[in-house]
Amino acid sequence: MPISEIRLQLPYWVDDLIPDPQRLFPTVEERMELAIALARRNIASGGGPFGAAVFASESGRLIAPGVNLVMPGRCSSAHAEIVALSLAQQRLGLHQLGLEGGRFELVSSTEPCAMCLGAVPWSGIVRLVCGARDEDARAVGFDEGDKPADWPDLLRRRGIEVVRDVRRTQAAAVLRAYVEQGGELYNGGPGCGEGKNEK
């Protein structure tokens, strides 16, 4: 691969999980169920237990799915939210979603870590929907980074709606299952805090 090229690719099974690209996801629960299904299936393919997707807010049209590709992609920034936002922007040909008047939302199986939280205001989304909470991820050993305690209010002040705890029980169960099945806690070591992993 040339030094000037970055290449991240969603696993082959994503197309199998979403066989009908025209399917609509009209409710927030259906959208979250897809994000959780992505997270659950990603564990089996060697990725982290996190899934996300960008949807058109009004119609529920799926713009782009995303899964955690940190380990398979050898890229610490390839979190599910970043992957979904990047693919959505490329597919729509916009560096910021909503520039042409559309309204889009990011649905994530777990609340964003510090890095993904930082990407949200510049992504162009109007709503962030979360499943598992930050404390659910930390409880199984994930390092979510340093986030302000009032991060939902800070996003709301920027005009981004925040919806939490959608299918939280199911989303948190995926995190626990990953650790119980021996999932590798990655990003440990020098420069990564106290050897904890990061989603």
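On a predicted model such as this, the values are computed, not experimentally measured, just so you know.
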Counterpart residues, side-chain hydrogen bond (donor to acceptor under 3.5 Å, both in side chains), relative to R61 (two or more places apart):
none
Compare every heavy atom of V54 with every heavy atom of L62, then report the nearest pair and how far apart it is.
CD1-O, 3.6 Å
Aromatic ring proximity Y178/F50, centre distance under 6.0 Å:
no
Please confirm whether the ring centroid of F104 lies under 6.0 Å from the ring centroid of F55.
no
Partners of D16 by side-chain hydrogen bond (donor to acceptor under 3.5 Å, both in side chains), sequence neighbours excluded?
none
Partners passing side-chain hydrogen bond (donor to acceptor under 3.5 Å, both in side chains) against R41 (at least two apart in sequence or in another chain)
none
L117 vs L155 side-chain heavy atoms within contact, under 4.5 Å:
yes
How close do A84 and A64 get, counting heavy atoms only, and between which atoms?
O-CB, 3.7 Å
D153/R157 salt bridge by N-O under 4.0 Å criterion:
no
Hey, are R156 and E161 close enough for a salt bridge, meaning a charged N less than 4.0 Å from a carboxylate O?
no
Side chain proximity check, Q89 to S123, heavy atoms < 4.5 angstrom
yes
Quick one: CD1 on I43 to CG on L175, what's the gap to the nearest 0.5 Å?
8.0 Å
Test of understanding: with side-chain hydrogen bond (donor to acceptor under 3.5 Å, both in side chains), list the residues that count as partners of R176, not counting sequence neighbours.
none
Sorted by first residue and then second, give each side chain to side chain donor-acceptor pair (under 3.5 Å) pair with at least one member in residues 25-34; sequence neighbours left out.
T27-E30, R31-E105, E33-R167
Examine distances only and state if a side-chain atom of S109 and a backbone atom of A35 form a donor-acceptor pair shorter than 3.5 Å.
no
side-chain contact (heavy atoms from CB on, under 4.5 Å) with V28: which residues, sequence neighbours excluded?
R127, V129, V166
